[in-house]
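Quick note: numbers below take in every heavy atom, side chains included, and nothing from hydrogens, waters or symmetry partners. A note on names: the letters A, B, ... follow the listed sequences, proteins ahead of strands, and every chain is numbered from 1.
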Amino acid sequence: MSEPNKVESGLVQAPVIEPGHTFATVTDQISSIVLTRPVSNGWVFGFGLSFLLTMGMLYAIGYLFIKGVGIWGVNIPVGWGFAIVNFVWWIGIGHAGTLISAILLLLRQSWRNSINRFAEAMTLFAVSCAGLFPILHLGRPWLAYWLFPIPNTMQYWPQFRSPLVWDVFAVSTYATISALFWFIGLIPDLATLRDRTDNRGLKIVYGMLAMGWRGSARHWARYETAYLLLAGLATPLVLSVHTVVSFDFAVGIVPGWHTTIFPPYFVAGAIYSGFAMVLMLAIPIRKFYGLEDFITERHLENSAMVMLATGLIVGYGYVIEAFMNWYAGDPNEGFVLWNRLHGPYALSYYALLFCNLVLPQVLWIRKFRVKPFWLFLISLDILVGMWLERFVIVVVSLHRDFLTSSWGMYYPTRWDWMTYIGTIGLFLSLMFLFVRILPMISIFEMRTLLPEAEVKSE
Amino acid sequence: MKIEETRKREDGCPGKHEKLDLATARARLEKTKGPEFWRSLEELAGSDEFREMMHREFPKGASEWVDAVSRRGFMKLMGASLAMAGMTACTKQPLEPIVPYVKQPEELVPGRPMFYATAFELAGYASPVLVESHMYRPTKVEGNEQHSASLGGTDIYAQASILGMYDPDRSQTITNMGDERTWGSFVSAIRGPLSVQKGLKGAGIRLLTQTVSSPTLADQVKAFLAVYPEAKWHVYEPVNRDNVLEGARMAFGQPVETRYDFSKADIILSLDADFLSPGFPGSIRYARDYAKRRNPDSGTMNRMYVVESNPSATGAKADHRLVLRTSDIERFVSSIAAGSTGNNPYPLDMEGEAKFFKAMATDLAGHRGSSIVIVGDHQPAFVHAFAHAWNAQLQNVGTTVFYTDPVDAHPVNQAESLKELVADMRGGKVDVLVILGGNPAYDAPADFGFADLLKSGSVPLRIHHGLYQDETAELCHWHVNAAHYLESWGDARAYDGTVSIVQPLIAPLYSGRSAIEFVATLAGGSEVNGHELVQAYWKKQHSGADFDTFWRKSLHDGWVEGTGFAPKSLIAKATAPTATPASPPGIEINFRHDPSIYDGRFANNGWLQELPKPMSKLTWDSALLVSPATAKQLNLETKDLAELELNGKKVKAPVWIQAGHADNCVTVSLGYGRWRAGRAGTGAGFNMYELRYSATPWVANGAVISNTGAKYVLASTQGYQTMETQDGGDRPLVQTRSLEEYRKEPNFATEEEPPAELTLYPGYDYKKEPYAWGMTIDLNACVGCNNCIIACQSENNIPIVGKEQVNRGRHMHWLRVDAYYQGDRENPKAYFQPVPCMQCENAPCELVCPVGATVHSSEGLNDMVYNRCVGTRYCSNNCPYKVRRFNFLLFQDWETPQLKMMRNPDVTVRSRGVMEKCTYCVQRINHKRIDAEREDRLIADGELETACQQSCPADAIVFGNINDPNSRVAQLKAGARNYSLLADLNTRPRTTYLAEIRNPNPELEA
Amino acid sequence: MQIFHRSTNTISRATIFGAVFVVGVLLWVAINFQRSPYVTYAGVARPQPAPFSHQHHVAALGIDCRYCHTSVEKSSFAGIPPTKTCMNCHAQIWTGAPMLEPVRNSFKTGESLVWNRVNDLPDYVYFDHSIHINKGVGCNTCHGEVDRMPLMYNQASLQMEWCLDCHRAPEKNLRPREQVFNMRYQQPSKDVPVKFDGKEYVDQLTLGQDLATKYRLRSEMDITSCSTCHR
Amino acid sequence: MKRDILYGVMAEFKTPTELVEAARATEHAGYKKFDAYSPFPIEELSDAVGFHKNGVPLVVLIAGIIGCLSGYALQYWISVIAYPINVGGRPMHSWPSFVVVTFEVTILFAGVSAVLGMLALNGLPMPYHPVFNVPRFALASKDRFFLIIFYSDPKFDLASTTKFLQAMGPRSISEVPG
C-alpha cells in the first residue's frame, strides 16, 4: 500500500489520516457512529425535514398520474422541461461516487479510502432520484416497461436507434454495477459490525449481510481482484453513462443539441457537479460526526482541485459550443448563440457562466480549497450552475428552433418545483438513513492506511 | 360494431363506463327501423338519465375544457396498474355488447359511409355540400364537386356546422318563461292571440327574420302574410349588405346582386373587399377562380390591387396593397370619380395614393373586359355605385361582372326595417312579436335598445325560434327550439341563385322544428311536416308527371336544375361623390364580422373559437387591432387591456398590434362577449355591439382609446410572425419571387436540396410498392381561409383544448396555417403557409422514438401508432417542423354522447399522454386501397383525396401517388416551383411546397 | 462466537438458487397468463340472449355464412343479422320454441337483441373483412370450425402476434376464393389435392404462393406496416 | 462429517508482519492445509498461504464476451429478423446505433459475474463456520491476525502442531472444535 504520510510533490499536504490512530481506534470510532452513538436531535430534524419534502414529491407524483404531464410546464415546442433537466443533473452528481471509488482506486489514490463509501452511497441515491424522472415525464408512465426488450404478445420491441433506449440500458447498468460495487465494499465492514455489536438482532442482520465473511487470506485475494476488476469496468461505464445521456441531445437535430463536443463536456460537467455534492455532504458530516481525523484538509483540497480541473474542461466546452455556433455558418446554429445571449432566457445563461466559470476560479487560491466554509459555498454555487447549464441546453434550445412560427416559451409550474425539490428531499432522507445504519467510511480500507498495516520484511 | 363505430379509442385499458353512454344510447337507437328510427332518440332525449348524461361534467368555461379529467384520469391510472400486471398494452377486455337492427334498411351496408347532398346556409347564401354519414350519423361535411358554387370547396362555417349540430348546448326543448313545454302546448297557447289578431288582420303581428333566400320559407311567410295582411315582415342581420343594396339602387334603381368571374380577370381591384375569405358571398367559388388565374406558369397570371384598412387574407394575396382608413377609401374613390372633372375636390397624397392610383388605373384601362373592380360590404353606397359605373366603363359587365336578381328573397334595407319594428314596438303597436332565428337582443344596433324594449314588456307576446337558448330567447315568453339544417328539410339559394334542397341527415336530436314548419304552423297549418312543405312548394314550381325524377335528381345532385339567375343587362347611372373632402380627424373604429365566429352565431362552436384568425392567429378572443404607429401614439402594447369610448359608451378590449393596419383607426370584431352562448362562447372576448350604432354600422369616427394599465391574456397559436430572426438572420421558409425574377430563374426555390447520395446510409427503396404518397401545397393558391384546418379537425377527431391550453402552446391542430409578415411593418408583405406533417422519408422523429411508436410504412407514410406511444415527446422535440401534437391532458371528451356520435369511426380517438399528428388521412387511403384491390385495380389519380385537399376552395393542396409519374402531384413536384421546407436538413419531406410568385406592377416596384 | 447454526449455510445457498427459480417461474406465468383464454376468451363461449347454434344452422341446415353476415364481402364489418333475418324462418318453424322467445319478443316490440360480441378486437385495431375474403382467406381460418360450434366462441387469441403470424406468411393460409366460405375445406395434401385454375396442388405452400401472385397480395413489408391495422 | 472431532488449531497474532512470517514458516514446515485471517487485505499473505491460482479474472472475461455477443445479437435479431421495419429511412441493420447497448450489456454481464464469481469461489455465503467457535476470533475483523492449521492436513497432529505454533510466539492458541 502507498505511504500516505509521505510528503508528496514537494509541497506540504495534510495527511489523509491524522497520526496516532490504531486498528482499534479506527474501527471503534467509525463503527461506534452506527452501533453506540445515540440519535441526535439534529439528525431527527434533518431527516424529518427531508422526509417531508419526499412526501411532497409523492403527492405531486400522485397528482401527475391522475391528471397527466399537462400539470407541468411542458408544451410544444418545449417538450422536455424540468424532468429531463433534473434527470441529467442527478445522473451527473452520481458520477463523482463512481469516479472516486473506481478511477481513483485504479490510480492508487489512497486518500479516496475515507470518502469513497459515502460517495458511492451518494451515487446510488442520486441515480435513484435521476431514475424517477424519465419514467415520470412519460405521457403514459405505466407503459414504461415497453422500453425494455420483454417478450410480448405484440411481438413488438424497443427501437434500438433511439438514444432513450441507450439511456435505459446505460442507466440501469450503471445503477446495478454501482450497487454491487458498494455492496462488496461493505462486506468486510459488515463483518466488523457483526462482531462488534452486542445486540443479538443486529448481529443476525449484519451477519446475514456479511455472508459469513471471515477475512481468510484466500478470500481477500479474490476479493481484491474482483474489486479491482469491478473498478476497471466501472470506469468506462461511468464515462459511457453521461456520454449516452449527452447523446439524448447530440443525436437530435435541434440547434443547440446537435453538437459533437457534448460527450466529453457532459462527463466533465458530471464530475464537476458530483464533487461539489461530495463536498456538500462531506463537510457537514465530518463536522457533526467528528471525523476530521479521517476526512482531512487533504481530501477537501484534492476534491477542490478536481473541481477546478473539470470546471475548466466544462468552460472549454462552452467556448467551443459558442465558437461552433458561429463557425458552422448555419443561421439556425448562429441564432442559438444570439438567443442564449439576448433571448428571453438570457439571464439563466449569464448566471450559469458566472456559477460554473467565473466564481470557481477562486479555487486557485489555497485558502478557498481548504476552508470548509468557503468550499461549501462554492460547491453549492457549482451545483446551481450545473443545473442551469442543463436548463439552458434543454429548454433554451427547444423554445426557439427552426420554424419561427412554432417558437414558444416554457414556464415551470408549482408541480415541476415540488417534484424537483422532492427528489432532493428523497436524496437527503436516504443519506440520513445511510449514515445511521452503515459505516459511512470504509473501515477496512482505513486500516490499510495505518502505519502498522505495513508488513515489514527483514 | 356500433360500439366500434362510435367509441374508437387508442387505449382499451381504462374502465368502460357503466352509466348510459353512447353505446347504450345507440343500442336504443338501433332498436327501431327506418322512419321511426329517430323517434326512439327523441324518447331517449326525453329521458332523465340522458339529460343527466348530457349535463354531466360540462366545464364552466372553455379554459376548463380539459378539467373534467380527474375521475377518468384516475380510472386510467387503475387501468395502468392492471396493464403493468400483463406484458401487453391491454388487459382483459370487458364483454362488449353488439346490437343489430330489428329490421335493417335496404340501402345500408353496415360499416360503409354514405354521402348525401344538401346545403349549408349563412346569411341567406347557401354553400352546397355533401355530408358523410356513418350508420345515419352525419360525421363530415365536404364540398359538392358538381355544384358550380362549390366545385368541392367549402368554408370554415360549413365545415364546422357538424359540431354545431351535435353541440350539446343547443336548445333542447320548447320553453315558456323558462319552463319546459311541449309543442302541443305551444300551439294551443298561441292559438288564442293569433285568433285575436285574425280579427285585426294581424295588425299587431310582427315577424322578424334573418336574411331569407329559401324560396319555400319566403313562400311560407307570404302565405302567413296572406292570412294576416296587416302583419309586417321585418328582416335584420347584424352583418347585412345594406350598403351593397343601396349602392345597387343608386346605380340601377333596383336591388341587384353582383356576381364576378375571377377566372377571366387579369387585373383585380378590391376596394376593401375581402372576397377570398369565408363570409363573403361566393368566396368559395371566387377563391377557386382566383387561384386558377394566379398560376404563374399559365402565362395569364392575374394581378391584384387591394385598398383596405385592416389586413385581410385578400390583402395578403395582393400584389399591391394600399393602406387607407375605411373612410379614406371613400375619399380615394371620390377623387377617382371626380378625377376626370377638372379641379378635384379630393386631393390624393402624391406619394402613396396618387402613384398607386395612376399605376392601377392604367393597368385596369389596359385590360378592358378582363378586369374587376370589387367593393366590400363595409363601403358606403356611393363606392358601390361608382364601382358599377367603373366596371361598365371598363366593359367588364357581361364578361367578368354580372348582375342578377338578388338572392335575398326580401331585399330591404335591414337597418331601416329593424328601425321601423323598434318604432312600432315603442309605439305599442306590436302585440305578437315572432323572432325567427337571429339574436337581436344581443346584436341589434346599440341605439335601438332592442333588449330593453323586450324587457320593458311593451310587446305582450314574444316568441323566439332558434337553435340556442340565447340572449334573445331569454327575453321572450316562448322559445321554440329550432332544428339544425342537418336535421331538417328546406331549401336555399347559392350566390348565383341556384337553389339547393336541404335534406336532413338525421332526425332532429331534440325534436326541433325547422323555420318552414314553424311558420307553417303559425299560418294555421296543423302538425306540419317539413318534407311535405318543401315538396309541396316545388310541386308548384315543377308540376308534371316527372316530378319524382326531378325531385330525386335535385336531391341527388344537390341543386335544382335551372334555378340559377340569368344575368341582366343593366346600365349603371353615374353618381356624384358624397364624401367629405378632407379625411375626418379622430380615431376611427372598424366593425367587422369575426373571421372565425362570424357575427356571434357560431360563438359556441369550439372548433371555430379555437380556429386561429387568419392574420393574427388569435384564438378564443376578439382583439382591438391597432397599427404599430397608432399603438405607439396611444402608448398601447400588445395584450394591454384598452378602453374604447364612443359617444359616451365604454367598452374594454385587449390590444393586438397588427402590422399593416391603417393608422388612426382600429378594428374590432363582432360576435364576442356573449353572455348566453353556451360553454364555449359565454364570456369569451368582449361585446363590440355595444358601440355599434345604426348610423355607423361599419365605421365610426371619434373613438377615444385609453390604456387601462391592466394586462389581458391573448392566446395566439403562432410564436413569431416573421421569417427574419432578431439576430438579423433570414429564414427562407416561404420561397417567393416576382414573376419576372421567376421567369429569369425558375429553379430558385429548389437550389438547396442536397443530393440523395449525401446520406451515410443507403436510402429505402419506395419504388418497390405500387404507391408512394406525397403532397404539394401551392403557396400561390392558398388564400389562408383556414378551411383545411377545420376539415382536418372534423375528419380526424381532433379535440379542442381551450384558451388556457392554447396559450400554453398545446393546441392540437394537425394542420396549421402559418402567416408570415415581411418587410415594413406599416404595410408588410404577408404570406400563408399551411403546415401539415411533412411525412419525411428520413424522419427525425422516428429515429428517436424508443418504442417504435412512429415508424415508416412501406408506402412512405410516417405512421403514428397511438396505442404504442408512451409519450416521451422526444419525437416532437426532434421534429423541425413542430407538426406533432401531444395530449398533455385528457383533451378528448369521453362523456358527451353527442360528441361521440359526431366522431369519425374510422379514426382512433386519442387519449391522454399520446402523441398525434397528420396521417395523410391514412383511413381514407386504406379505404380506397381496399376498394381498389377488391376490384383488382390500382387507385386512380384524384380518386383519393385527403380531407384538407377535398374541401380546399382554392385547390391549393394536391395529394397522390408519386410513384405514378403521370399523377397530378408527381407532375407538380416535377415543376420548377416545387421546394421542400428546410430542405438542407435532408429530411426528404413528402409534403412539398410550390413557391409563391407575386406579379407586381413594374411601375410600382421602386 | 457462533451466530448461525450449521444448517444456515445450506439454507442460504438454497435460498439464492430458490430466488432465481421463483423469478423464472413468475415470468413464465406472466407470459402465459397473457395468452391464456382467461384474457383472450379463446375457446370460451360468451353468454348470449338466445343459445344460437352455428353448428345446427350451418352444418345441419347448410345455411351459407352470407345469408346472415350480409356485408362480409363488401364492407369491413361482416354484419350481424337483424331480428328480421331470424324471423324469416322462425315465423314458420319452431314458432313456439321457448328458447326463441327473446327473438320473437324482439320482433314484436322492436327491441333489439343485445348479443355479446365474440370476436372482439381492441378499438384501435381496424380489421376489414371484405379484403380478407377477397384475398382468399377462409372464414374458418380465423373463426375456426364454426360449423362445429354449438355455442359460438372465438378460436383465435386475436392478439397481435396471431395477426402477424399470417401477415408475415399469408401463403400458409390462402385458398382459392371460391373455397372461402367452405367450412370443410382442407388444405392440399397428397391424398386430397386442391384444384386451382387447371393446376392440381398437393401442398399448401406452392398453392399459397401461386394464389398470392394471382390475387396480387401486397408485400410482407406492406401488410406488416403499422398503418395497415392502426390509424 | 467430523462433527465431534477437531477442525484445527488456531494461533492469534498482533501484527500483520507476525502473521505473514508465521504463514511462511508454516508452509516451510510442510503444512498444506492451513489458512490465515486478517482484518484487511495483506498482499503478501495470499502467496504466504500458498494461494496462487485466482479464478475470478477468467470468469469475468467469459461473462464479458457472452454479454457482448448477446447484447448485439439481441438488437440484430429484433431490428433485422423479428420485426424489420423502416425507421426514419435507416437500414434495418444500422450497426452504429447498436454499439452503445452492446457495450452496456458487456459491462453488466462482466460486472455482475465479477461479484457473483468472487462470492462463489469463496464459497460464500457461509454464515456458519467452525472458526467462529473461537471467541477471540471476533477480533479478526478488528485488529487481530489469525493462523489456523486444519485437522484435515495430513501432517496435522494436535500435540506437535500446537507446539509448532507455540514456537512462533502467538498471543494465544486455541483449538477449533469442528
>> How close do Pro110(B) and Ser75(C) get, counting heavy atoms only, and between which atoms?
In response: O-OG, 2.6 Å

>> With heavy-atom distances below 4.5 Å as the criterion, would you say the side chains of Lys74(C) and Val109(B) are in contact?
In response: yes

>> Counting neighbours of NZ on Lys195(C) that are heavy atoms of other residues, nucleotides or ligands and sit closer than 6.0 Å, is the number greater than 12?
In response: no

> Hey, mind stepping through Thr919(B) and Arg231(C) against side-chain hydrogen bond (donor to acceptor under 3.5 Å, both in side chains) and telling me if it holds?
Replying inline: CA-CA 8 Å; Thr919(B) 62; Arg231(C) 315 163 193 164; over 6 Å; no

> Of the backbone (N, CA, C, O) and the side chain (C-beta and beyond), which part of Thr109(C) lies under 4.5 Å from a heavy atom of chain B, both, or neither?
Replying inline: neither

> Of all heavy-atom pairs between Thr908(B) and Tyr126(C), which one has the smallest distance, and what is that distance?
Replying inline: N-OH, 2.9 Å

> With a 4.5 Å heavy-atom cut-off, do Lys103(B) and Pro82(C) have their side chains touching?
Replying inline: no

> Looking at CD of Glu933(B) and OG of Ser130(C), how far apart are the two atoms once the value is rounded to the nearest 0.5 Å?
Replying inline: 9.5 Å

> Given a strict heavy-atom distance threshold of 4.5 Å, which part of Arg46(C) is in contact with chain B: side chain, backbone, both, or neither?
Replying inline: side chain

> Got Pro100(B) and Thr83(C) here, is their nearest side-chain heavy-atom distance under 4.5 Å?
Replying inline: no

> Considering only heavy atoms, which portion of Asp128(C) lies under 4.5 Å from any heavy atom of chain B: side chain, backbone, both, or neither?
Replying inline: side chain

> Quick one: does Met135(B)'s side chain get under 4.5 Å of Phe77(C)'s, heavy atoms only?
Replying inline: no

> So what's closer than 4.5 Å to chain B heavy atoms on Pro47(C): side chain, backbone, both or neither?
Replying inline: side chain

> Between Ser225(C) and Ser858(B), what is the shortest heavy-atom contact and its length?
Replying inline: OG-N, 3.1 Å

>> Is the shortest side-chain heavy-atom distance between Met864(B) and His230(C) below 4.5 Å?
In response: no

>> Does Lys214(C), at its NZ atom, have more than 12 non-hydrogen atoms belonging to other residues, nucleotides or ligands within less than 6.0 Å?
In response: no

>> Could you check whether any side-chain heavy atom of Asp123(C) comes within less than 4.5 Å of a side-chain heavy atom of Glu96(B), counting everything from C-beta outward?
In response: yes

> chain C heavy atoms under 4.5 Å from Glu769(B): which part of the residue, side chain, backbone, both or neither?
Replying inline: side chain

> Under 6.0 Å from the CE atom of Met99(C), do we count more than 12 heavy atoms belonging to anything else shown?
Replying inline: no

> With respect to chain B, which residue among Ser227(C), Ala78(C), Ser106(C), Pro81(C) yields the maximal number of heavy-atom pairs within a distance under 4.5 Å?
Replying inline: Ser227(C)

>> Heavy-atom cut-off 4.5 Å, strictly under: side chain, backbone, both or neither for Asp936(B) against chain C?
In response: both

> Can you find a heavy atom in the side chain of Arg934(B) that is under 4.5 Å from one in the side chain of Glu73(C)?
Replying inline: no

> What are the two closest heavy atoms between Cys226(C) and Asp863(B), and how far apart are they?
Replying inline: N-OD2, 3.7 Å

>> Counting C-beta onward and ignoring hydrogens, is there a side-chain heavy-atom pair between Trp115(C) and Val99(B) closer than 4.5 Å?
In response: no

> Using a cut-off of under 4.5 Å for heavy-atom pairs, which of Asp222(C), Asn116(C), Asn134(C) has the most such pairs with chain B?
Replying inline: Asp222(C)

> What are the two closest heavy atoms between Ile131(C) and Ile930(B), and how far apart are they?
Replying inline: CB-CG2, 3.8 Å

>> If I take atom OG1 from residue Thr85(C) and atom OH from residue Tyr101(B), how far apart are they, to the nearest 0.5 angstrom?
In response: 13.0 Å

> How long is the span from the CE atom in Met221(C) to the OH atom in Tyr764(B), to the nearest 0.5 Å?
Replying inline: 3.5 Å

> Taking atom CG of Asp906(B) and atom OG of Ser76(C), what is their separation to the nearest 0.5 Å?
Replying inline: 7.0 Å

